[in-house]
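All heavy atoms count here, side chains included; hydrogens, waters and symmetry mates do not.
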Amino acid sequence: MAKSFLTALKSEVRISQSWASYLWDKLKDRLSKGSPHWHSTLTPLTNNVPSLADDYTDTLGVVIEKGEKLAQYSLQSDSTIYTTLNNRFYIGLAKSSSISIGPTQDQLHMVRSNVPFVLTQQGKTHQLELKSAGLQQIKLYSPDELVFEGSDVKTTYDAQTHMYTITRYGDLTTISFTKKAK
């Protein structure tokens with residue numbers, strides 16, 4: 001826990017948008033009525049995070065409070081970990097990530113994790129590399145049912161919310177999963 005505190009206290013986030021994209025968004029706002037057009041890039045600046053943070057250096061999370069003006073609109077991101085709760089958009093910044101106003105994309109993504117991770121895909125198989133030992137718990141959303149490999153993984157599935165909770169205790173590991181065949 002101390003490692004994640006170091007990251008939170010010593011990191012900074014740069015919010016950026018190019019003038020061209022700003023002007024393009026404003027033009028779209030004038031031409032089309034309805035939802036506003038906006039997007040930006042969040043970049044984690046972790047140069048000041050001490051080496052004691054180890055693998056937790058890339059685990060910075062931020063929250064965007066949408067406020068009254070944007071409360072009715074959905075935010076989306078290309079980050080691998082995000083969620084929306086109580087009019088707040090939470091996003092994990094392992095690397096630069098874009099955010100924008102737009103319809104929610106129904107795609108696989110992490111909702112929370114108590115350990116650093118790397119999520120990759122090779123063909124139809126996803127690889128979830130857990131980068132810290134001990135109690136490991138991850139929650140992920142998937143519009144499709146999934147099949148997990150490995151016997152030391154406890155998986156619970158909430159069909160109503162399409163959420164998987166993966167719990168494990170042990171050393172570093174990689175969990176593989178694929179979309180369930182229909």
Side-chain angles (χ1 to χ4, degrees), residues 1 3-123 126-132 138-144 161-164:
M1 187 177 266
K3 292 178 180 183
S4 61
F5 283 151
L6 279 174
T7 299
L9 293 173
K10 295 293 186 174
S11 296
E12 295 179 16
V13 176
R14 182 178 63 224
I15 303 171
S16 61
Q17 181 182 29
S18 70
W19 277 106
S21 67
Y22 171 79
L23 293 171
W24 181 246
D25 285 345
K26 288 299 175 191
L27 178 63
K28 289 190 289 186
D29 283 347
R30 288 192 184 264
L31 294 177
S32 67
K33 301 299 178 204
S35 67
H37 298 86
W38 172 80
H39 70 278
S40 190
T41 301
L42 302 177
T43 304
L45 305 173
T46 57
N47 298 341
N48 294 330
V49 177
S51 60
L52 290 171
D54 201 24
D55 286 331
Y56 284 79
T57 300
D58 295 326
T59 61
L60 182 65
V62 297
V63 61
I64 298 168
E65 295 196 30
K66 296 193 299 184
E68 276 184 44
K69 189 173 183 180
L70 297 178
Q72 63 184 337
Y73 303 109
S74 295
L75 294 180
Q76 62 181 4
S77 175
D78 63 355
S79 176
T80 56
I81 184 166
Y82 60 89
T83 192
T84 301
L85 292 169
N86 300 324
N87 206 28
R88 294 181 178 133
F89 187 68
Y90 296 85
I91 180 172
L93 295 177
K95 59 183 171 74
S96 291
S97 297
S98 65
I99 56 171
S100 61
I101 295 173
T104 302
Q105 296 177 357
D106 202 24
Q107 63 187 10
L108 176 101
H109 65 275
M110 307 298 286
V111 174
R112 70 169 187 243
S113 174
N114 72 336
V115 294
F117 69 90
V118 174
L119 180 64
T120 57
Q121 184 174 358
Q122 296 173 336
H126 288 84
Q127 303 284 329
L128 178 61
E129 180 185 356
L130 304 179
K131 302 182 86 170
S132 185
I138 294 91
K139 189 171 191 177
L140 66 93
Y141 169 86
S142 176
D144 303 303
T161 61
H162 301 279
M163 295 281 189
Y164 286 88

Between the side chain of [X] and the main-chain N/O of [Y], is any donor-acceptor distance below 3.5 Å?
X: Q121; Y: G123; answer: yes
X: D29; Y: P36; answer: no
X: S79; Y: G92; answer: yes
X: T7; Y: Y56; answer: yes
X: T41; Y: S97; answer: no
X: S11; Y: A8; answer: no
X: K139; Y: M163; answer: no
X: N87; Y: K66; answer: no

| message | For a side-chain contact (heavy atoms from CB on, under 4.5 Å) check, start with the C-alpha distance between H162 and S142, then their side-chain angles and the critical distance, and finish with the verdict. | response | CA-CA 6 Å; H162 301 279; S142 176; 5.8 Å; no

As an exercise, state the distance from [atom1] of [X] to [atom2] of [Y], rounded to the nearest 0.5 Å.
X: W24; Y: H37; atom1: CH2; atom2: NE2; result: 9.5 Å
X: D55; Y: K3; atom1: CG; atom2: NZ; result: 7.0 Å
X: L42; Y: I64; atom1: CG; atom2: CD1; result: 5.0 Å
X: W38; Y: K26; atom1: CH2; atom2: NZ; result: 11.5 Å

| query | Using the ring of each side chain (for Trp, its six-membered ring), is H109 parallel, tilted or perpendicular to Y82, with breaks at 30° and 60°? | reply | parallel

Nearest atoms (heavy-atom pairs only) where [X] meets [Y]:
X: Q107; Y: P143; answer: C-CD, 3.9 Å
X: L6; Y: A53; answer: CD1-N, 4.1 Å
X: P44; Y: S96; answer: CD-N, 3.8 Å

Residue pair [X] / [Y], side-chain heavy-atom distance below 4.5 Å:
X: V49; Y: L60; result: no
X: L128; Y: M110; result: yes
X: K131; Y: V118; result: yes
X: E129; Y: T120; result: no
X: L75; Y: T84; result: no
X: H39; Y: S98; result: no
X: F89; Y: I99; result: yes
X: W19; Y: S21; result: no

| query | Name the one of I81, V111, L108, T80 that satisfies side chain to side chain contact (heavy atoms under 4.5 Å, CB included) with L140? | reply | L108

| field | side-chain contact (heavy atoms from CB on, under 4.5 Å) evaluation trace for Y141 with D106 | value | CA-CA 9 Å; Y141 169 86; D106 202 24; 2.2 Å; yes

